[in-house]
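Data block below; observations after.
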There are 2 protein chains.
Amino acid sequence: MAVINGVETRLPDGTDKKPSRIQQRNRGRILDAALEVFSQHGYRGATLDQIAETAGLSKPNILYYFDGKAEIHVTLLNQLMETWLDPLVTLDPKGDPLEEILSYVQRKLDMARDLPRESRLFAGEILQGAPRMGPHLQSDLRPLFEEKCAVIQNWMDQGHLTQLDPRHLIFSIWATTQHYADFATQVQVLLQDDPAGHEGAATYLTTLFTRLLTP
Amino acid sequence: MAVINGVETRLPDGTDKKPSRIQQRNRGRILDAALEVFSQHGYRGATLDQIAETAGLSKPNILYYFDGKAEIHVTLLNQLMETWLDPLVTLDPKGDPLEEILSYVQRKLDMARDLPRESRLFAGEILQGAPRMGPHLQSDLRPLFEEKCAVIQNWMDQGHLTQLDPRHLIFSIWATTQHYADFATQVQVLLQDDPAGHEGAATYLTTLFTRLLTP
DNA sequence: GGCAAATTTTACCATTTGGTAAAGACACGA
DNA sequence: TCGTGTCTTTACCAAATGGTAAAATTTGCC
């Protein structure tokens, strides 16, 4: 496979050489449009026509770059996985425990604000039973999750943090941060004219996890 | 409108009289099948044929009881709203603050375990921008939310709980509890052979909100 | 400029899907 | 048991949708 931007890329003709500038540009446009459409309407709700129009290309042209709707979705999901796991990868066993976790929370919250489409794409996939991503959860997410749980468990055993189940701790970090992207519609209705916005959530979550984890 | 089981019910012929036993039974079957299918595949991903087969009825027969796919979905959402809001309604301003909130958390967590289909139906609707439920959020959820925020704020002002933004507190309760239903696929992959199951989450969340809210 | 390869468009097609019309089967009170 | 209104089935349809074939156009290299 050719590797473009660190991502495996199948060329339209199936061969394996350097993609032209046009290919890079158009594949990029398609993936961006698909992210927009898939995250808004879900896999089944999204149509190739919508993606094509959003990308500014014709439908057959899109199928020149990708083998089908499913391949676009899978490509998006694969690309996303890396971005999504990155904040957890960054969690440093050698750093200060509380500081590390708080900055992990912060990074996840920033992602909910800056990449809401990605968050919703991911949420929609999991919500429907991860039909196109189950394997990735097993092979990519799970080992990382277990590694970092062990790190946190260590910190707790050494008395740097409250004794808790690290697995549920991580779940609660994911849940509380992604909530602001995945349930944005609801949040907006309920926070209507709040000037604090993102800051309000950041302050609250910092307090929450500080109080929870400070021994 | 006729009222059946406390829910407004439009009869097939549009008139307004007592529905037969057959009607009650079949409308029930259809709604249950639709809950199953919609929660699994989302609105667009669900087909009338799937719902019909799950319900054990023919497609035209389903359209004898409901005006169309959208009406089934809306009926489900309307019914759900009441169930969904109930635990928050129950939050008693005269009860013990911490106890009240902890048992609210517990009720929500029990719902995530006992009504995962409902949780996912709701999550899917919000995730896509609440196209069929926006008005209900404004008219039903919002007033209740604001009322209960005021109750919690009072408790805080009287020194019974840590001073926090009650709105984000409620968000974090929703997020952490519903996570176990909406992201069940992921949770299952990561907790694979955990004997604790539901209890693990209950213990963790009790600790979390106790430590957070105890002044 | 000329030419091969890459890209895009036009014109389709088959399947799926929400929905309808109308005939047939059934329930139930008189 | 008969007839009326309720319920169910059969046979469709039009639109939407994922996808294809092949002609037309553009790009980039000599």
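Below, chains carry the letters A, B, ... as their sequence lines are ordered, and counting in each starts from 1. This structure is a prediction, so every number in the text was calculated from the model and none was measured.
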Using a cutoff of under 3.5 Å, can you pull out all pairs of nitrogen or oxygen atoms linking the protein to nucleotides 13-15 of chain D, with atom names and distances?
none

Taking side chain to side chain donor-acceptor pair (under 3.5 Å) as the definition, give me every residue that meets it alongside B/Asn61, ordered by chain and number, with sequence neighbours left out.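 Testing B/Asn61 for side chain to side chain donor-acceptor pair (under 3.5 Å), a comparison that skips the adjacent residues, returns none.
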Residues that A/Thr203 engages under side chain to side chain donor-acceptor pair (under 3.5 Å), provided they are two or more places apart: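 By the side chain to side chain donor-acceptor pair (under 3.5 Å) rule, A/Thr203 matches no residue at all.
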Could you pull out all residues at least two apart from [X] that satisfy salt bridge (charged side-chain N to carboxylate O under 4.0 Å, His left out)?
{"X": "A/Asp86", "value": "none"}
{"X": "B/Glu36", "value": "B/Arg117"}
{"X": "A/Asp114", "value": "none"}
{"X": "A/Glu146", "value": "A/Arg142"}

Let me check something: any side-chain donor-acceptor pairs from residues 169-178 of chain A under 3.5 Å, sequence neighbours excluded? List them with distances.
from, atom 1, to, atom 2, distance (Å)
A/Ser172, OG, A/His168, O, 3.4
A/Ser172, OG, A/Leu169, O, 2.7
A/Ser172, OG, B/Tyr204, OH, 2.7
A/Trp174, NE1, A/Tyr104, OH, 2.8
A/Thr176, OG1, A/Ser172, O, 2.7
A/Thr176, OG1, A/Ile173, O, 3.2
A/Thr177, OG1, A/Ile173, O, 2.7
A/Thr177, OG1, A/Trp174, O, 3.2

Which of residues 32-44 of chain A sit near DNA chain C, with a heavy atom under 4.0 Å from it?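 Under 4.0 Å from DNA chain C: A/Arg44.
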For B/Leu48 and for A/Asn26, find the nucleotide of DNA chain C with the closest heavy atom, then tell me which residue's nucleotide is more 5'.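 Mapping each residue to its closest nucleotide by heavy atoms, the 5'-most match is A/Asn26.
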When all nucleic acid strands are considered with a 4.0 Å heavy-atom cut-off, which category describes B/Leu63: base, sugar-phosphate, or nothing?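 Base contact.
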Touch class at under 4.0 angstrom, heavy-atom based, for B/Ala46 against every strand present: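 Sugar-phosphate contact only - B/Ala46 comes under 4.0 Å of backbone atoms but never of a base.
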Taking DNA chain D as the partner, which of residues 54-61 of chain B come within under 4.0 angstrom of it by heavy atom?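 The answer is B/Ser58, B/Pro60, B/Asn61.
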Ring pair (Phe, Tyr, Trp, His ring centres under 6.0 Å) partners of A/Trp155, counting only residues at least two apart: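 Listed in chain order: nothing, the list is empty.
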Residues which pass ring pair (Phe, Tyr, Trp, His ring centres under 6.0 Å) with A/His41, listed by chain and number, not counting sequence neighbours: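 Expected list: none.
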What I'd like to find out is whether the side chain of B/Leu190 reaches to under 4.5 Å of the side chain of A/Leu141, using heavy atoms alone.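 Touching, per the 4.5 Å side-chain cut-off.
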